[in-house]
Amino acid sequence: MADFVVHPARGLSGRLHFPGDKSISHRSILLGAISKGTTRILHCLKSADVEASRRAVEELGVEVQDKDGAVLVQGKGLHGLKPPRQELDMGNSGTTTRLLMGILAGQPFSSTLKGDESLSRRPMKRVTEPLERMGAEIRGPKGGDLLPLTVKGGRLKGIRYVSPIPSAQVKSAVLLAGLYAQGPTSVKEPVLSRDHTERMLSFLGARLKRNSGTEVTVEPSDSLRGRELSVPADISSAAFFLVAASIVPGSSLTTCRIGLNPTRTGVLDLLTRMGARLVLSPDKKETGWEPVGEITASFGPLKAVVIEPQEIPRLIDELPILMVAATQAQGTTVIRGAGELRVKETDRIDSMVEGLSAMGARIHAEGDTVFIEGPVRLKGARVRSFSDHRTAMALAVAALTAGGPTVIEGFEWVNISFPDFPKLLEEVC
Ligand code: S3P
């Protein structure tokens, strides 16, 4: 277990290039694998999670190469994947698992997916249930709710799925299976979740239609065509630094090519509502597929906010770092309906309450509601990552404002999404 020591910072400044978006990098590899011809991925994230997607498609017979800084996926087309010779190892990656299950549901062979300890505790029924309704046979512990899961694909039929939870992973799995189904497949969600799969499917030639704000239909497809995909920088990774600049006096940081897809920018809206000094400049040139732009964040006083359940999907991965921002904001921040945080890589409500409390924050949870009173001068402490990348990085940012050094245990988990986090932090401090 690697300890990481963070010292209080005086001010962060610089211009930062963040790694490629994790959600979009996964999709580039997985959809590249079932497209015809070469998909050339620029700015693909290199991290343990994305490596799980790469390993999986390689095991399914797809060649993936690194060339001139790009990742080349030699797609096999929708029907060209080979049966795996061994279990597919998903590592820690929920996105690989759930999206790949949608693809495997359409294959004329069986595959078994396994994961690490954390992933093996995470709920899969949300995906296996609609895929079974489409005709796949899925077996695994707890009635197919837990890994390891064996997916026997086959002839699928299109369904209209009304998802009880706003989840991009669920939506994506059903839409990807829909490419292989007879008849159209629709997914309706209670609140729109990130729409990267829909955008990429359209970009690669699938027939996709948004019926209303939260319902989307995909038609069965003959083929997708491989293209060049330029992955925007990850707003979820940038969020740690945007909050750091907002809460450490004397800071000003600029980021570029950040993904500004409106289904992901809840964190920017919320920080703005808290009074943060953010300046956004959307980039006009690159708005064809996924919008990108530049963001500058500077220190300024923050005020507390109430986050309502319908706001959660647009900022789900940023809640740990927003809790840190709330410790420095005037008043009581309330986050309602954050239950999905309990089924992430760790229970992120418990991990953040424990870590921030150890640092002197006034934070507590009642069920799925989190209360944070600020501002509080945090103190250095020994805290734990809970084997969770976002908990680790959020606590590292909290530590920048503390009165003394903080030790974060298990910091190597940042490799899941952001291996360069320590390097970039050193660069700007
Ligand atoms: C993701 C969707 C979200 C998010 C996760 C990545 C994706 O999960 O929390 O980090 O790439 O589709 P849910 O679909 O479970 O909300």
Side-chain angles (χ1 to χ4, degrees), residues 19-31 44-45 47-50 52-53 56 90-103 115 118-119 121-131 145 161 163-176 187 189-201 214 216 231-232 234-240 259 261 263-267 290 309-322 337-349 351 368 388-394 413-414 416-418:
D21 187 274
K22 181 158 85 70
S23 289
I24 300 175
S25 298
H26 279 301
R27 286 159 173 79
S28 303
I29 291 177
L30 296 172
L31 296 194
C44 188
L45 172 65
S47 81
D49 247 26
V50 174
S53 286
M90 304 288 102
N92 190 249
S93 177
T95 306
T96 310
T97 310
R98 295 185 178 128
L99 270 59
L100 191 62
M101 274 203 269
I103 294 174
S118 144
L119 188 59
R121 280 195 299 266
R122 297 182 64 188
M124 297 297 158
K125 196 82 192 162
R126 50 182 63 195
V127 171
T128 59
E129 196 256 328
L131 294 180
D145 194 27
Y161 186 61
S163 176
I165 38 171
S167 160
Q169 294 179 355
V170 171
K171 171 175 61 179
S172 302
V174 176
L175 292 177
L176 292 175
V187 183
E189 22 182 19
V191 180
L192 183 64
S193 64
R194 65 191 67 189
D195 65 356
H196 303 305
T197 301
E198 296 95 301
R199 283 172 186 256
M200 197 181 287
L201 278 174
T214 65
V216 61
V231 180
D234 199 325
I235 190 168
S236 300
S237 295
F240 296 103
N261 179 319
T263 60
R264 292 286 296 283
T265 48
V267 61
E290 287 275 354
Q310 67 275 15
E311 297 182 81
I312 301 274
R314 287 182 66 232
L315 44 72
I316 180 75
D317 291 339
E318 291 69 69
L319 285 172
I321 190 61
L322 287 169
E340 276 294 301
L341 280 190
R342 296 205 181 272
V343 290
K344 292 296 175 192
E345 287 82 330
T346 189
D347 179 331
R348 286 185 180 151
I349 294 184
S351 67
D368 295 338
D388 174 47
H389 52 133
R390 298 202 204 279
T391 297
M393 292 185 278
W413 284 93
V414 302
I416 291 296
S417 65
F418 198 172

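Both counts, for ligands and for their atoms, begin at 1 and track the order of listing. Remember, it's a predicted structure, so these values are computed and weren't measured experimentally. For reference, positions follow the sequence shown, starting with 1.
Between the side chains of Ser172 and Arg98, no donor-acceptor pair is found at a separation under 3.5 Å.
At least one N or O atom of Ala168, backbone or side chain, sits closer than 3.5 Å to an N or O atom of ligand 1. At least one N/O-N/O distance between Ser23 and ligand 1 falls below 3.5 Å.
Neither the backbone nor the side chain of His196 comes within 4.0 Å of ligand 1, counting heavy atoms alone.
Nearest to atom 4 (C) of ligand 1 among the protein's heavy atoms is Asp317 OD2, 3.3 Å. Among protein heavy atoms, the minimum distance from atom 1 (C) of ligand 1 is reached at Gln169 NE2, 3.5 Å. From the protein, the heavy atom lying nearest to atom 14 (O) of ligand 1 is Ser167 OG, 2.7 Å. Scanning the protein heavy atoms around atom 12 (O) of ligand 1, the nearest turns out to be Arg27 NH2, 2.7 Å.
The residues Glu198 and Lys171 are annotated as salt-bridged, a charged nitrogen and a carboxylate oxygen being separated by less than 4.0 angstrom. A salt bridge links Arg264 with Asp21: at least one charged nitrogen is closer than 4.0 Å to a carboxylate oxygen. In summary, Asp317 and Arg390 engage in a salt bridge, as defined by a charged side-chain N under 4.0 Å from a carboxylate O.
By the salt bridge (charged side-chain N to carboxylate O under 4.0 Å, His left out) test, Glu345 is found to be paired with Arg122, Arg348, residues two or more places apart in sequence or in another chain being considered. Under the side-chain contact (heavy atoms from CB on, under 4.5 Å) criterion, Arg342 pairs with Asp347, Ile349, Asp350, Ala365, Asp368, sequence neighbours left out.
Ligand-side atoms of ligand 1 in range of Lys344: 3 (C), 4 (C), 8 (O), 9 (O), 13 (P), 15 (O), 16 (O), range being under 4.0 angstrom from any heavy atom.
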